[in-house]
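Reading through the structure tokens given below for one structure.
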Amino acid sequence: MYAWPASEVPALPGQGRDLRIHDTATEGLVTLDPGPVARIYVCGITPYDATHMGHAATYNAFDLVQRVWLDTKRQVHYVQNVTDVDDPLLERAQRDDIDWVALAEKETALFREDMTALRMLPPRHYIGAVEAIPGIVPLVERLRDAGAAYELDGDIYFSVESDPNFGKVSNLDAAAMRVLSAERGGDPERPGKKNPLDPMLWMAARAGEPSWDGGSLGQGRPGWHIECVAIALDHLGMTFDVQGGGSDLAFPHHEMGASHAQVLTGEFPMAKAYVHAGMVGLHGEKMSKSKGNLVFVSRLRRDGVDPAAIRLTLLAHHYRADWEWTDQVLQDAVDRLGRWRAAVSRPDGPDAEALVEEIRVALANDLDAPAALAAVDRWVTRQDTEGGTDIGAPGVVSRAVDALLGVAL
Ligand code: 5CA
Ligand code: ZN
């Protein structure tokens, strides 16, 4: 699939800093040392509804990862998927009596527009589940041939017990896993499974649903976790730097993915850091397509909200925090954007070199965007109260905010 256009990333004076980031698997901060080409896989949308603020917040976090790496003069090899066939998508298409392909295409197109408006840098490879099927089938066959998969009424399941490291990504106990499995696409109650947590690798064709030729697996469609493993291994290989998503993906999605990869390659972990963003809520509950308590990026844009203000709202919250979307948090960002724009349009200001360093230090420290915003706020206040004679400074601030935070002033 094609992704979306990249906005320009201005080069900055001075030296970028290496990223220290929280890894769910080791439950602590790790300093990444990616080499000249950093590799990141970020789980993409299931395109059955428009991009909401929760999605935007999660993609914002990984956009910052990319920007920190680019600032260290590294290249970034960024891969993202689109889960363009899955139960929730098919259910929504059925409910609304529309073609599932048309629904996926429409929502993916809207996602591209939203990402472009928010200045999220695009992935180098943007891959749909459907187009990945030819690569998924041989992996499922290999898992089955290795004794790590079994058949149940034509469906093929992965056996979590085949992985000695199962559980080491999410660090949850069996009871918690079981609850989350039921909530997040698993089927722990289905009779006949070896372990209730075992996830599906290949679902045999169902009447009225799309299916593909799976060779020795029979006609069917892929399971969710193997989709991301196939795409990641194909485009990044094993032991890439970051696998990212919202915290609701730690279990089962990233846990199961690491397990599939462990059996396929004999190695753990698939990603050096498992990075998870907090959940954005609305009216006290996690924003989710299934609950319908949503604030859409496209809706705000249509209402005339500047995408830079949406982005500043996201940046005002630490990526790992759970937080609530309110009119007030958006208004605060609109006000801040106005102050910043007025400041960088003035002819001079205090020296900005130290500010660039402060933004770099904040982001390198587990993507502390709120600290970066506070540093810019302080520069703006100083310009206001003390003035300054550096005629280059407003331009430096504007370029730093663009390059490191993705906000065009
Ligand atoms: N297609 C799969 C990943 S392979 C999927 O989870 N799609 S999704 O559309 O449901 O979510 C896309 C991304 O947004 C995921 O990383 C998910 O964790 C994140 N996300 C969903 N809801 C929220 C929320 N309320 N707050 C923060 N992030 C969220
Ligand atoms: Zn995924």
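The analysis underlying the following values was restricted to heavy atoms, covering all of them including side chains, and did not include hydrogens, waters or symmetry mates. One-based numbering, in listed order, for ligands and for the atoms of each.
- Using bins of under 30°, 30° to 60° and over 60° for the plane-to-plane angle, the ring pair W4/F111 lands in the perpendicular bin.
- The protein heavy-atom contact nearest to atom 13 (C) of ligand 1 is Y59 OH, 3.4 Å.
- Annotation: M287 places an N or O atom under 3.5 Å from an N or O atom of ligand 1; distance criterion only.
- In this structure, the protein non-hydrogen atom closest to atom 9 (O) of ligand 1 is K289 NZ, 2.7 Å.
- The number of heavy atoms from other shown groups lying within 6.0 Å of CD (E141) is above 12.
- Counting heavy atoms from C-beta on, the side chains of R301 and P307 come closer than 4.5 Å.
- At a 3.5 angstrom cut-off on N or O pairs, T46 counts as close to ligand 1.
- Proximity to N81 (heavy-atom distance under 4.0 Å) selects the following atoms of ligand 1: 4 (S).
- Look at R339 and D335 and you find no salt bridge, because none of the NZ, NE, NH1 or NH2 atoms lies under 4.0 Å from a carboxylate O.
- Residue contact annotation: G281 has no non-hydrogen atom under 4.0 Å from ligand 1.
- Only the side chain of L249 comes within 4.0 Å of ligand 1, judged by heavy-atom distances.
- Environment of CG in D327: sparse, with no more than 12 heavy atoms of neighbouring residues, nucleotides or ligands closer than 6.0 Å.
- Ring planes of W325 and W323: tilted class, angle from 30 to 60°.
- Here's the thing with K286: none of its N/O atoms is less than 3.5 angstrom from an N/O atom of ligand 1.
- Remark: minimum distance from atom 4 (S) of ligand 1 to any protein heavy atom is reached at W224 NE1, 3.1 Å.
- Among protein heavy atoms, the minimum distance from atom 16 (O) of ligand 1 is reached at G246 N, 3.0 Å.
- Close approach of ligand 1 to C228 is summarised as follows: ligand atoms under 4.0 Å from at least one heavy atom of the residue are 4 (S).
- Of all protein heavy atoms, the one closest to atom 27 (C) of ligand 1 is G54 O, 3.1 Å.
- Taking a cut-off of under 4.0 Å to the non-hydrogen atoms of C43, the atoms of ligand 1 that pass are 3 (C), 4 (S).
- The aromatic rings of F240 and Y41 sit tilted relative to each other, their planes meeting at an angle between 30° and 60°.
- A salt bridge links R178 with E189: the closest approach of a Lys/Arg side-chain nitrogen to an acidic carboxylate oxygen falls below 4.0 angstrom.
- Among all non-hydrogen protein atoms, the one lying nearest atom 26 (N) of ligand 1 is V280 N, 2.9 Å.
- A 6.0 Å sphere centred on CZ of R299 holds no more than 12 heavy atoms belonging to other residues, nucleotides or ligands.
- Protein heavy atom at the shortest distance from atom 11 (O) of ligand 1 is H55 CD2, 3.7 Å.
- Short contacts between ligand 1 and G278, defined as distances under 4.0 Å to a heavy atom of the residue, involve ligand atoms 26 (N), 27 (C).
- A salt bridge links R221 with D87: the closest approach of a Lys/Arg side-chain nitrogen to an acidic carboxylate oxygen falls below 4.0 angstrom.
- When distances from the Zn ion (ligand 2) to the N, O or S atoms of H253 are compared, NE2 comes out shortest.
- The Zn ion (ligand 2) has C228 among its coordinating residues (N/O/S atom, backbone or side chain, under 2.8 Å).
- In this structure, H276 and Y274 have parallel ring planes: the angle between them is below the 30° cut-off, well short of the 60° mark.
- Distances from atom 17 (C) of ligand 1 to the heavy atoms of D86, V42, T58, D248 put D248 nearest.
- In H253, the part holding a heavy atom less than 4.0 Å from any atom of ligand 1 is the side chain.
- The aromatic rings of F251 and F166 stand perpendicular to each other, their planes meeting at an angle above 60°, with 30° marking the opposite boundary.
- In terms of N/O distances under 3.5 Å, ligand 1 is not approached by G245.
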From CA spacing to verdict: salt bridge (charged side-chain N to carboxylate O under 4.0 Å, His left out), R20, D368: CA-CA 10 Å; R20 232 158 60 99; D368 192 348; over 6 Å; no
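- With a heavy-atom cut-off of 4.0 Å, H52 touches ligand 1 through its side chain alone.
- From the protein, the heavy atom lying nearest to atom 3 (C) of ligand 1 is G44 O, 3.2 Å.
- With ligand atoms numbered from 1 in the order given, ligand 1 contributes 1 (N), 2 (C), 4 (S) to contacts under 4.0 Å with heavy atoms of T83.
- Taking 2.8 Å as the threshold, C43 counts as a candidate ligand of the Zn ion (ligand 2), since one of its N, O or S atoms lies below it.
- Other residues, nucleotides and ligands contribute more than 12 heavy atoms inside 6.0 Å of the CD atom of E267.
- No cation-pi contact links R302 to F296, judged by a cut-off of 6.0 Å to the six-membered ring centre and 45° from its axis.
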